[in-house]
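To start, the structure under review is shown below, and the notes come after it.
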Number of protein chains: 2
Amino acid sequence: MSKCEQCIVRKFNSLTHLSREELVKISACKTSRTIKKGEPLFSEGEHINGIFCIKDGICKVSKMSENGRNQIVNLIKKGDILGERSLITQEASNLEAIALEDMEVCFIPKEEIIEDLEKNPKFSMSVLKDMANNLKKADNIIVDMAQKTVKQRLAETLINLKEKFDTNNDGIINVRLSREDIANIIGTATESAIRLLSDLKKKKYIEFVGKEIKILNLPELEKIAQGF
Amino acid sequence: MSKCEQCIVRKFNSLTHLSREELVKISACKTSRTIKKGEPLFSEGEHINGIFCIKDGICKVSKMSENGRNQIVNLIKKGDILGERSLITQEASNLEAIALEDMEVCFIPKEEIIEDLEKNPKFSMSVLKDMANNLKKADNIIVDMAQKTVKQRLAETLINLKEKFDTNNDGIINVRLSREDIANIIGTATESAIRLLSDLKKKKYIEFVGKEIKILNLPELEKIAQGF
DNA sequence: TTCAAAAGATGATAAATATCATATAATAAA
DNA sequence: TTTATTATATGATATTTATCATCTTTTGAA
């Protein structure tokens with residue numbers, strides 16, 4: 001079993017503020033898991049009772065709407081922490097997380113880390129900072145969802161994906177999403193997403209390379225996102 | 001100047017976890033403010049650098065979209081804390097807060113309370129819990145915005161307003177919102193909000209009493225919110 | 001009190017988006 | 001490989017929502 005003290009992934013998230021002793025303790029009780037593409041890390045209604053530290057892979061965090069449609073509220077990648085909220089609340093999760101590619105994650109049980117949250121101000125301030133950031137992002141998404149057209153949201157999403165997952169040498173965005181996933185990010189029907197993607201392709205603003213997407217004309221996408 | 005140690009409002013938020021000494025210290029440096037209806041507590045781009053404790057009144061927290069339309073992301077009432085995020089981040093606010101009625105608020109400068117956040121775990125855990133709750137709410141709003149129709153969102157909003165602000169003896173919801181405000185909560189054109197409100201009134205699910213709203217048939221509103 | 005401005009209301013129309021149908025392409029299971 | 005299933009694509013149409021125009025009512029300032 002790998003040791004948290006030596007784990008590089010930790011450097012990218014709040015766990016980096018834990019002391020050596022705290023890390024050793026966590027190392028002893030954490031579990032490593034492999035999650036295959038398409039499998040859930042956790043499901044709606046489940047009590048997570050701990051946090052996931054993502055060592056490799058990408059997952060989508062989503063929620064079913066009352067209309068029976070799935071809405072993706074976040075994408076999580078290597079280095080991210082997932083499930084912080086379970087540390088603080090007793091409630092069951094209102095979200096589900098499903099792997100978009102094979103994943104390596106560590107799971108740290110709540111009871112082993114909750115004490116650190118109360119006693120290590122650097123750690124708790126870092127978690128607090130994370131949450132504040134997520135809250136700001138969430139507010140921005142609410143505004144976009146409420147005020148922007150589907151076309152705008154699609155353009156914005158493509159730009160965000162590029163930012164978040166970066167591109168390989170050929171300029172291709174490092175994430176594989178189905179058309180349905182994209183539709184579930186921007187909150188529209190799959191057909192609408194497909195249609196608008198086709199439009200962008202026709203205009204040569206983007207290009208499909210296998211399942212992946214390459215942005216050919218970022219300035220034009222930015223214009224669309226802003227409503228022109 | 002009133003004293004925080006004796007303030008009842010504090011009991012309703014995270015400040016209740018501060019010690020007597022911490023409260024005395026804050027009491028000495030906090031400022032009380034009166035904000036008239038329509039005036040801002042703070043504006044977009046402003047550095048708040050402190051938190052507001054709402055002693056009386058209601059305000060809307062909103063953000064301009066790139067499309068030039070205003071989106072209300074939260075309503076804040078007596079007992080709430082506003083601006084927690086400014087404690088944690090250096091960034092300017094991306095939101096503005098405007099009084100919907102005359103308000104009494106206390107402002108506590110960041111530098112006076114940030115230390116408590118680091119040294120008083122009960123306080124920091126409470127703030128953390130607040131943020132976790134807000135984050136959950138925000139996720140739910142994102143899903144609603146993305147997946148529900150305007151009609152559903154309106155019904156849901158009316159139900160939420162009743163929950164949040166309660167009703168007086170006559171069953172009238174204790175908050176006065178303009179049609180434009182309601183439109184800016186659900187993310188639609190003012191005309192659309194007016195039209196749908198009129199429909200609900202025609203069907204006798206709601207009634208207007210002056211500027212205020214009374215829910216006559218909650219079960220039917222709930223059905224609409226769920227998409228029936 | 002009077003009058004201008006803002007808010008609310010409603011119709012007509014245009015634009016955006018969802019839904020349904022169907023076809024083709026890609027993928028995975030036998 | 002063959003076949004069944006799923007994903008992608010696209011047209012036709014219905015529905016939802018925005019926009020523009022106009023009117024009435026309410027509100028607030030002089």
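Sequence lines set the chain letters: A, B, ... in the order given, protein chains first and strands last, and positions in each chain run from 1. Small disclaimer: the values here were computed from a predicted structure and weren't measured.
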Next item on the list: Verify, without hydrogens or angle tests, whether A:Ser65 (side chain) and A:Arg69 (backbone) share a donor-acceptor contact under 3.5 angstrom.
Entry: yes
Note to self: I need a per-nucleotide contact map over nucleotides 25-30 of chain D, read 5' to 3'. Cutoff is protein heavy atoms under 4.0 Å; write B for the base, S for backbone only, - otherwise.
What the structure shows: ------
Notebook entry, point to check: Between A:Arg10 and A:Cys4, is there a donor-acceptor pair closer than 3.5 Å when you use the side chain of the first and the backbone of the second?
Noted result: yes
Notebook entry, point to check: According to the ring-ring contact (aromatic ring centres under 6.0 Å, His included) rule, which pairs have a member within residues 29-58 of chain A, sequence neighbours left out?
Noted result: A:Phe42-A:Phe52, A:Phe52-A:Phe107
Item checked: Along DNA chain C, first and last positions that approach a heavy atom of chain B under 4.0 Å -> C:dA7 to C:dA12
Notebook entry, point to check: Just one of A:Lys148, A:Lys223, A:Arg153 clears the salt bridge (Lys or Arg N to Asp or Glu O under 4.0 Å) bar with B:Glu66, so which one?
Noted result: A:Lys148
Checklist line | A:Phe208 six-ring face occupied by A:Arg176 cation (under 6.0 Å, within 45°) | finding: no
Next item on the list: Determine to 10° how strongly the helix from C:dT1-D:dA30 to C:dA30-D:dT1 is bent, judged from the axes of its five-pair ends.
Entry: 50°
Margin query: Under the rule for salt bridge (charged side-chain N to carboxylate O under 4.0 Å, His left out), what residues qualify as partners of A:Glu180, not counting sequence neighbours?
Written below: none
Checklist line | Member of B:Asn74, B:Asp181, B:Asn70 meeting the side chain to side chain donor-acceptor pair (under 3.5 Å) criterion with B:Ser62 | finding: B:Asn70
Using a cutoff of under 3.5 Å, can you pull out all pairs of nitrogen or oxygen atoms linking the protein to nucleotides 15-21 of chain D, with atom names and distances?
from, atom 1, to, atom 2, distance (Å)
D:dT17, OP1, B:Val150, N, 2.8
D:dA18, OP1, B:Thr188, OG1, 3.4
D:dA18, OP2, B:Thr188, OG1, 2.3
D:dA18, OP2, B:Ala189, N, 3.4
D:dA18, OP2, B:Ser192, OG, 2.8
D:dT19, OP2, B:Arg69, NH1, 3.0
D:dT19, O4, B:Arg195, NH2, 2.9
D:dC20, N4, B:Glu191, OE2, 3.3

Notebook entry, point to check: Any donor and acceptor pair, going by atom type alone, linking the side chain of B:Gln71 with main-chain N or O of A:Ala146 inside 3.5 Å?
Noted result: no
Notebook entry, point to check: Which part of the nucleic acid does A:Ser198 contact within heavy-atom distance under 4.0 Å: base, sugar-phosphate only, or nothing?
Noted result: sugar-phosphate
Margin query: Under a 3.5 Å distance rule, please check whether A:Arg179 uses its side chain to pair with a backbone N or O of A:Glu191 as donor and acceptor.
Written below: no
